Amino acid sequence: LSERSRGGWPRRPGLLLLRGLCGHTATVAYLESIGRLPLAVAIFLGKIHPMAAALLSAAFLGETLRATRAAAILASIGGIALIAGPTLGDTGGVALPGLLLGLSAGMLTGAAYVCVRALSRGDESELWLILSLPLFSLPFSAPAAVAALDGSGAARDPAVWLGLLALGLATQAGQLTLTRGLARLPAASGTQAMYFGTVSGV
């Protein structure tokens, strides 16, 4: 293993904690917005994270946001709007809290990625970068997850556990590639590439 891949004690625990806080809060806000907004609207608002990451990295990391990159991000957001389709404009009766949750999810996701970029540019262990989000989220999420599984009887279904295992492995693989990508690319460029997830999901 390379030095960055090894464990040891965290070198920047405060920034790792902030990364976990932003990532966990963004996930909760996104899931809550899905319950309060039309799905297309929630997805669209969640996809503003590259713009948030670009602005925050310029402000806090000194990374340059060129006009061409800003235009490309705006064009990507426009593409998400086209994929979302006509339902994006159907926000009748949507409460303001749902919209604020969706916007918060996008902004906090961008902030989490800027934390990853800052940690990746330093000498923080790759292991802690990958574990910072699940270690932060686990104490808040595990009790509710276990209670939901017990209450529904799903805990006795092997297919549920296999699905959760597959989801966990895919998530950690995504975290690994995210960490390595943001170690090599500015936050604006690295996060814009994540729009491919929307296309592959469709």
Side-chain angles (χ1 to χ4, degrees), residues 1-8 10-27 29-30 43-83 102-137 168-202:
L1 290 175
S2 67
E3 182 64 27
R4 280 183 53 81
S5 299
R6 296 192 182 102
R11 297 177 176 86
R12 305 177 72 181
L15 194 53
L16 285 168
L17 182 64
L18 181 62
R19 185 267 183 273
L21 174 63
C22 289
H24 175 77
T25 308
T27 301
Y30 181 65
I43 291 173
F44 176 76
L45 293 175
K47 292 300 181 182
I48 67 169
H49 65 264
M51 180 59 75
L55 295 175
L56 291 171
S57 65
F60 293 103
L61 303 183
E63 295 186 346
T64 302
L65 177 59
R66 295 184 174 85
T68 52
R69 177 60 60 187
I73 293 174
L74 290 174
S76 299
I77 293 176
I80 296 298
L82 291 175
I83 293 172
L103 286 171
S104 297
M107 293 296 294
L108 288 169
T109 300
Y113 291 154
V114 170
C115 290
V116 173
R117 171 64 176 161
L119 290 161
S120 297
R121 294 200 312 181
D123 57 355
E124 188 57 75
S125 165
E126 190 176 77
L127 176 65
W128 287 113
L129 273 165
I130 295 170
L131 292 179
S132 58
L133 177 58
L135 286 178
F136 186 94
S137 298
L169 291 174
T171 300
Q172 290 310 306
Q175 289 292 311
L176 177 61
T177 55
L178 167 70
T179 299
R180 292 183 175 178
L182 288 177
R184 293 166 172 79
L185 293 172
S189 302
T191 54
Q192 188 183 5
M194 296 175 195
Y195 282 127
F196 178 73
T198 302
V199 178
S200 62
V202 172

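Values in this document were obtained by computation on a predicted structure and should not be read as measured data.
- Arg19 and Glu124 are not joined by a salt bridge, as no carboxylate oxygen comes within less than 4.0 angstrom of a charged side-chain nitrogen.
- Taking CD from Glu126 and CG from Leu131, the interatomic distance works out to 10.5 Å, rounded to the nearest 0.5 Å.
- Nearest heavy-atom pair across Thr191 and Pro50 is OG1-CA, 3.4 Å.
- Here the shortest heavy-atom pairing between Arg11 and Asp123 reads NH1-O, 2.8 Å.
- Here Met107 contributes atom CE and Leu55 contributes atom CG; the two are 7.0 Å apart, rounded to the nearest 0.5 Å.
- Contact between Ala54 and Leu65 at its shortest, heavy atoms only, is CB-CD1, 3.9 Å.
- In terms of heavy atoms, Val116 sits closest to Thr179 at CG1-CA, 4.1 Å.
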Going through the distances and angles, do Leu56 and Tyr113 end up as a side-chain contact (heavy atoms from CB on, under 4.5 Å)? CA-CA 10 Å; Leu56 291 171; Tyr113 291 154; over 6 Å; no
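- Rounding to the nearest 0.5 Å places CG of Leu108 at 14.5 Å from OH of Tyr30.
- Of the possible polar contacts, none joining the Thr25 side chain to the Cys22 backbone as a donor-acceptor pair under 3.5 Å is found.
- To the nearest 0.5 angstrom, Leu21 atom CG is 12.5 Å from Leu16 atom CG.
- For the pair Thr109 and Ala26, the tightest heavy-atom approach, listed with the atom from each and the gap, is OG1-CB, 3.4 Å.
- To the nearest 0.5 Å, the span separating CG on Leu127 from CG on Leu176 amounts to 10.5 Å.
- The main-chain N or O of Leu129 is found under 3.5 Å from a side-chain atom of Ser132 such that the two form a donor-acceptor pair.
- The main-chain N or O of Arg66 is never found under 3.5 Å from a side-chain atom of Thr64 such that the two would form a donor-acceptor pair.
- At distances below 3.5 Å, not a single donor-acceptor pair connects side-chain atoms of Arg121 with backbone N or O atoms of Leu182.
- To the nearest 0.5 Å, the span separating CZ on Arg12 from CG on Leu17 amounts to 13.5 Å.
- A pairwise comparison of heavy atoms in Gly23 and Leu133 identifies C-CD1, 3.7 Å as the closest pair.
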